[in-house]
Amino acid sequence: MADPRSGRGRSLPRASLAETMGVLSSVVLPVLGKGVLLRRPPVVAMAQRMELDRRAVETVRALRDRHGDGPLVLPVPFHPYALILSPAHVSRVLELSPEPYAAASDEKRSALSHFEPHAVLISDNAARQARRPYNEAVLDTPCPMHRLAARFRAVVEDEAQEMTEAADHFGELDWPGFARAWWRMARRVVLGEGARDDDRVTDLIAKLRADANWAFLMPRRRRLQARFFERLDEHLQRAEPGSLAAIIRATPAAPGTDALGQVPQWLFALDALARATFRTLALLGTHPALRSRAEAEIQAREPQDLPFLRACVLDTLRLWPTTPVILRQATRDVEWEHGLLRRGTGIIIFAPFFHRDETRLPQAHRYAPETWLEGRPEDQGLVPFSDGPARCPGRNISLMLSSMMLAALLRRRPFSPVDADGIQPEDRLPATLSAFELRFRPGPG
Ligand code: HEM
């Protein structure tokens, strides 16, 4: 007898043409417009003003209400997509990556190959088998504290001190001031002291990331890419003790790993972490109870890990995920209970739909770090770092660096956000919060 859950012979539910256009215009277009690989601050500000991200979530919710738990096929000509609509299906797709749901989707390959053609994220299965363990080995993926935590903490303290002095001088900490110091920290952590002031290396990757926003519409600038990799390699060759470059030198790499080729993803991702950290600083500035708890934890636990502050960063990422769309692609036909998912179909997990689902989450629109203190929120579709075998291997080092930076700043000054309307505890938090517009008064030391 056939398995009653099997959808053998049936097709998955399909969106109409109008519904598909609705998803393209209100979900996909704003994501592309804001810049997937390098954010465009004016467009992010516009999205915030026009509440585009809120509309995107409402569009997906309406489809779920109409069609049920899906997946819902969007019949885009030549490249159909399946929109994931239930948390259980989020887990299923991510658990079954990279087979039969490849992380290296067509879109990601064409975009990311502008600046990281050999990154694990866009590698085929054979190359992934060498590259994934290598990333995990250098980043100490399972460990809350990286083996170089003590050294990284000293670097963070140093840059937080400079940031604070500049903020005192100008009477304000704004995004350019924060980002400058953050990048000095990031280059020291990844590439060593000799890269501290090498803005050029981060400018080069930024140019390539700007191209990557256009994916296949922009021809690849091979000379620029070569210049970037040469400069990156010079830094890595020094293998300075106390940096990830030294660990790269010391970590045996299986043939086909391409250690150098893994590093651009780390630099790129540290930019997302900067935005998440700055937003967290703003939320702690408007949520005094949470801030007191964070301060008590800093006093009690440093220099150990800071679980509450890490939960604060995670919940900022729930509210405003820096990877709002997680893409997969079916490598073969797969039977689902409601029908057949065809080989080649792109799979869209639109994280904000799950992260802000007020029908399931009482905390949907408020700041709720406690969400991350127990259980596995990933099972409810809360996946800022993705999940399963291709989950972000930089999750722990990210939470470590971000919580270290927040602790270093909060110990020095109150850093009260200016114009913090809309992000108070009683507010329904906005669907977009541009990090680029945030400003803080340092206050007394
Ligand atoms: C705010 C900080 C970060 C967030 C929210 C984040 C999130 C993510 C997500 C969602 C993915 C999966 C993407 C996909 O499947 O399409 C991913 C992959 C990845 N991330 Fe992160 N990431 C962050 C920071 C970092 C950092 C700092 C590093 C390294 C130092 C890093 C290294 C990687 C790598 C190597 C992958 C590819 C994993 C694979 O394909 O197996 N990430 N990240």
Side-chain angles (χ1 to χ4, degrees), residues 31 36-37 39 90 93-99 101-109 111-112 116 118-125 127-141 146 148 152 182-183 185-187 189-191 243-245 247-248 257-259 261-280 310 312-329 346-352 354-355 378 382-405 435:
V31 170
V36 177
L37 284 319
R39 292 289 188 274
V90 171
V93 166
L94 295 179
E95 272 309 318
L96 296 176
S97 297
E99 271 296 329
Y101 306 121
S105 66
D106 293 342
E107 308 76 8
K108 268 190 263 181
R109 279 180 203 265
L112 296 180
E116 50 177 28
H118 297 160
V120 59
L121 190 50
I122 52 167
S123 299
D124 61 25
N125 257 349
R128 168 172 282 278
Q129 273 166 28
R131 291 171 183 171
R132 173 78 198 189
Y134 190 81
N135 273 274
E136 293 190 4
V138 177
L139 299 173
D140 282 351
T141 295
H146 191 274
L148 293 178
F152 292 166
W182 178 272
W183 275 117
M185 179 278 286
R187 287 188 297 258
V189 162
V190 179
L191 306 173
S243 71
L244 293 183
I247 301 190
I248 289 178
T257 301
D258 187 358
Q262 306 312 304
V263 181
Q265 170 74 24
W266 308 350
L267 291 175
F268 154 61
L270 280 160
D271 188 12
L273 188 61
R275 281 179 277 126
T277 305
F278 210 43
R279 289 184 182 117
T280 305
R310 294 163 85 108
C312 290
V313 178
L314 279 163
D315 211 49
T316 301
L317 285 164
R318 174 184 66 82
L319 291 163
W320 301 291
T322 50
T323 310
V325 175
I326 301 178
L327 288 171
R328 293 289 182 265
Q329 191 160 0
I347 301 173
I348 299 178
I349 297 171
F350 183 55
F354 298 100
H355 293 192
E378 288 81 359
L382 307 184
V383 287
F385 284 97
S386 183
D387 200 14
R391 162 170 132 151
C392 177
R395 183 181 191 273
N396 267 324
I397 197 171
S398 293
L399 296 175
M400 185 192 80
L401 290 171
S402 180
S403 56
M404 278 178 177
M405 180 60 88

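One-based numbering, in listed order, for ligands and for the atoms of each. The first residue in the sequence is number 1, and the count goes up from there.
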Task: Qualifying salt bridge (charged side-chain N to carboxylate O under 4.0 Å, His left out) pairs with a residue from residues 261-277, counting only residues at least two apart or across chains - done: Arg209-Asp271

Open item on the list: Let me confirm one number: the CE-CZ distance from Met404 to Arg310, rounded to the nearest 0.5 Å.
Closed with: 9.0 Å

Task: Side chains of Asp140 and Ile397 in contact at under 4.5 Å (non-hydrogen atoms) - done: no

TODO: Please round to the nearest 0.5 Å and tell me the distance separating atom CZ of Arg131 and atom CG of Leu121.
DONE: 11.5 Å

Please give the N or O to N or O pairs under 3.5 Å between ligand 1 and the protein, distances rounded to 0.1 Å.
| from | atom 1 | to | atom 2 | distance (Å) |
| --- | --- | --- | --- | --- |
| ligand 1 | 15 (O) | Arg328 | NH1 | 2.8 |
| ligand 1 | 15 (O) | Arg328 | NH2 | 3.2 |
| ligand 1 | 16 (O) | Lys108 | NZ | 2.6 |
| ligand 1 | 40 (O) | Arg128 | NH2 | 2.7 |
| ligand 1 | 41 (O) | Arg128 | NH1 | 2.8 |
| ligand 1 | 41 (O) | Arg128 | NH2 | 3.4 |
| ligand 1 | 41 (O) | Arg132 | NH1 | 2.7 |

- [ ] Could you check Gln329, Arg391, Arg328 and say which one makes a side-chain hydrogen bond (donor to acceptor under 3.5 Å, both in side chains) with Ser97?
- [x] Arg328

Open item on the list: Please report the interatomic distance OG(Ser243) to CG(Leu191), rounded to the nearest 0.5 Å.
Closed with: 7.5 Å

